[in-house]
Number of protein chains: 2
Amino acid sequence: MNPPTIKDVAKAANVSVATVSRVLHNLDGYSDKTKQIVMQAVEALGYQPNAIARGLVNKRTQTIGVLFPDVSSSFSSDILHGIEEIAQERGFSVIVCNTAEEGKRTLKYLQVLREKQVDGIVFTSEVLKDEYFQAIKDMRVPVILVNTMSQKHMIPYVKVDDRQAAYQATDYLIQKGHREIAMISGSLKDQIAGYPRLDGYRQALADNGIEYMESRVAIGDFELESSRKAMQKLLTEAPPFTAVFAASDEMAIGAMNYAMEQGLKIPEDLSIIGYDDLKFARMVHPPLTTIHQPLTLMGRMASEKLIALIEDKGSQVSSSIVSHHLVERQTVRSKP
Amino acid sequence: MNPPTIKDVAKAANVSVATVSRVLHNLDGYSDKTKQIVMQAVEALGYQPNAIARGLVNKRTQTIGVLFPDVSSSFSSDILHGIEEIAQERGFSVIVCNTAEEGKRTLKYLQVLREKQVDGIVFTSEVLKDEYFQAIKDMRVPVILVNTMSQKHMIPYVKVDDRQAAYQATDYLIQKGHREIAMISGSLKDQIAGYPRLDGYRQALADNGIEYMESRVAIGDFELESSRKAMQKLLTEAPPFTAVFAASDEMAIGAMNYAMEQGLKIPEDLSIIGYDDLKFARMVHPPLTTIHQPLTLMGRMASEKLIALIEDKGSQVSSSIVSHHLVERQTVRSKP
DNA sequence: TTGATTTACGTAAACGTTTAAGCAACCTTA
DNA sequence: TAAGGTTGCTTAAACGTTTACGTAAATCAA
């Protein structure tokens, strides 16, 4: 009635469970004949190993936990895709956790992951608060950061160089002949995707001898609605500009839509460049020129690193700054 | 050195493990004083239960597996979000599986889920092949279908009525005064999102006394590129039309972009209605009028049903046809 | 032939829980 | 006071594996 266990197989094959276990694992210590018999019994009973029991003795679950601020975002799910791909290749399962950016939920999830004895954790797109760090440290499993990093703790991470990418985006606009360039930034308190991108923008202006004007930067929250407002503000209050660098694709698109509604033509009247290259960047019209972040690749890399740490404790893995690149589509025009 | 176990707690509190287990589970059979002592020991040692050991004896892992054809799609990740939300509320973890629509991968994943002793499975957006069904049946855990169903097997599912939704989309165009209506459909072999939607379209035409013309339907694969081609074909080969119903948002957007590139104005020259209401439907310009599928809700419902089946075997849960609705944005105009 | 080595197993402990069964001490009740 | 109940525990088996250790038989070397 119950699923057959290794004992049932042993009984059926008239050997001990140790022998069954050994043939199942391709160890040695049995004759070819016994191997045949055991295999037949396995077949006949339809035996499937129980990973829970195995996990108990091995202290390994072949499972990793992944935390996202919002699993349903295009951003997160691309990363997840990469993580899952490698994990599955290497025989690991992944438990997804949606933190909703809430500390309580996050901590609760960390506890669940601990109780479930996951072998490692990847933590994405949020700042690693001290309490999270402590919780993870307590559970003594490796952790990899994706699209975030920690100054305070030496934890391997995978991310692009936001400052440099923002620099490049801005510089591109400048090379295209623009000199009055506005920016729609995320919160400056955001040490990952906020401040550094603004800083890259500022640096690019400086290096090209263009004055930085605070009145030309508006702050959003990386999402659509906020950037419509930001755009409205820029259009009414800022000194004139011919191009905008938005710190996320979603904000770029919000800005673009608002501008179009105001009768501006993109890119004829206004050039826009985004950041992320999410799937919908190429779906909008005109398709968005933007900074590409290789999210799936980042997920894969994180998975690789994590599994390396799990399988070879002792080994040190380093952080990776992955290379972004600018993808030219149709929202930026050359200014004569 | 090793994490403390229930035995360590027992030793520290000078009681048996059974007693510790009971106070941890709020059963009775101990005095208030012992409870205090045990709790103190738990605190002092920082004891955390081991869910693997627990799973072994309880034959319950509090884990469910979820299979997606493509985890990174906006569609899947919205469903996942809903599933995760309820699961976490009810104390379940979710393992994500990306089948990539490959039979081999799917079967491999089903085996992994079996070995990991998941308590239930949700299977989404793909036809449940016989071999999948057999594998799941063999593992004797409940399963819920989302955005798909099985004629052959009685398995509870959660989905919208595709035929009816397509009917409604088409009928809406007709009510808006259109009579020459093209359709960009998915593959007619697709028994879920392909044929039924075409059929709904056809039925709506018929009910309004409009002739169905095969030359006005083009076939795509639900994705962007295919619908550009489909649109091109319609524009060059089909009898003139004033509106298009696309069987997915992504196809609607591809069609829309192609039309705009050809100089058509949306919705002045051509009305378009989509299907899905994915996140980017409101991001494009003009924002897409479309059929809303409540994906997150569907995920939640699936989770609820699955957990009900897990917790109360014996109980029968029914399928749900969830209600879609049409969301009016700006890609359809009233024809005078 | 003898002793050593190898082969082919079996035995049993261990992993960290839950829980049925048992039991001593105390409390009722008649 | 004896029989029965209750309270507050402990003991030990069980869940399904892995694996260190033991051992009998077969093989080998000298």
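Excluded from the calculations below are hydrogen atoms, water molecules and symmetry mates; all remaining heavy atoms, backbone and side chain alike, are included. Labels below follow one simple rule: chain letters A, B, ... track the order of the sequence lines, proteins then strands, and each chain is numbered from 1.
- Proximity note for B/Ser16 (side chain, C-beta onward) versus C/dT17, D/dT10, D/dG16: the nearest is D/dT10.
- One interatomic measurement links the two molecules: CG of A/Leu56 to P of C/dT17, which rounds to 9 Å at whole-angstrom precision.
- With D/dG16, C/dT17, D/dT18 as the choices, the nucleotide that has an atom nearest any side-chain atom of A/Ala53 turns out to be D/dG16.
- Atom CG of A/Asn26 and atom P of C/dA8 are 15 Å apart (whole Å).
- Close to D/dG16, at under 4.0 Å from its OP1 or OP2, lies a side-chain N or O of B/Lys59.
- The residue among A/Asn58 and B/Ser31 whose nearest nucleotide of DNA chain D is located toward the 5' end is B/Ser31.
- B/Arg22 contributes no side-chain N or O that forms a donor-acceptor pair with the base of D/dG8 under 3.5 Å.
- Put simply, NZ on B/Lys116 is 19 Å from C1' on D/dC15, counting in whole angstrom units.
- The side chain of A/Tyr30 lies closest to C/dC9, out of C/dT17, D/dT17, C/dC9.
- Across the protein-nucleic acid pair, A/Leu27 atom CG and C/dA8 atom P stand 14 Å apart, rounded to whole Å.
- In this structure, B/Thr5 reaches the sugar-phosphate backbone alone: every heavy-atom distance under 4.0 Å involves primed, P, OP1 or OP2 atoms, never a base.
- Among the protein residues, A/Glu115 comes within range of no part of the nucleic acid, since none of its heavy atoms lies under 4.0 Å from any strand.
- Taking CG from A/Leu113 and OG1 from A/Thr63, the interatomic distance works out to 10.0 Å, rounded to the nearest 0.5 Å.
- At whole-Å resolution of the value, CD1 in A/Ile6 and P in C/dG10 are 12 Å apart.
- Comparing A/Val17 and A/Lys35, the nucleotide of DNA chain C nearest to each residue sits closer to the 5' end for A/Lys35.
- Distance check: A/Ile64 CD1 to A/Arg90 CZ gives 11.0 Å after rounding to the nearest 0.5 Å.
- Minimum interatomic distance between A/Leu145 and A/Ser150 (heavy atoms only, all atoms of both residues): CD2-N, 3.9 Å.
- Distance A/His25 NE2 to D/dT17 P: 9 Å, rounded to the nearest Å.
- Atoms NZ (A/Lys33) and C1' (C/dA8) sit 11 Å apart, rounded to a whole Å.
- For B/Thr19, whose side chain is taken as the heavy atoms from C-beta onward, the closest listed nucleotide among C/dG10, D/dC9, C/dT18 is D/dC9.
- Residues B/Ala18 and A/Pro49 each lie close to DNA chain D; by heavy-atom proximity, the contact nearer the 5' end of the strand is made by B/Ala18.
- With distances taken from any side-chain atom of B/Lys7 to the nucleotides D/dT10, C/dT17, C/dC9, the minimum falls on C/dT17.
- For CG of B/Asp28, the number of neighbouring non-hydrogen atoms (other residues, nucleotides, ligands) closer than 6.0 Å is 12 at most.
- Summarising the geometry, the separation between CG on A/Leu45 and P on D/dG16 is reported as 14 Å, rounded to the nearest angstrom.
- Atom CZ of A/Phe92 is separated from atom CD1 of A/Ile83 by 13.5 Å, given to the nearest 0.5 angstrom.
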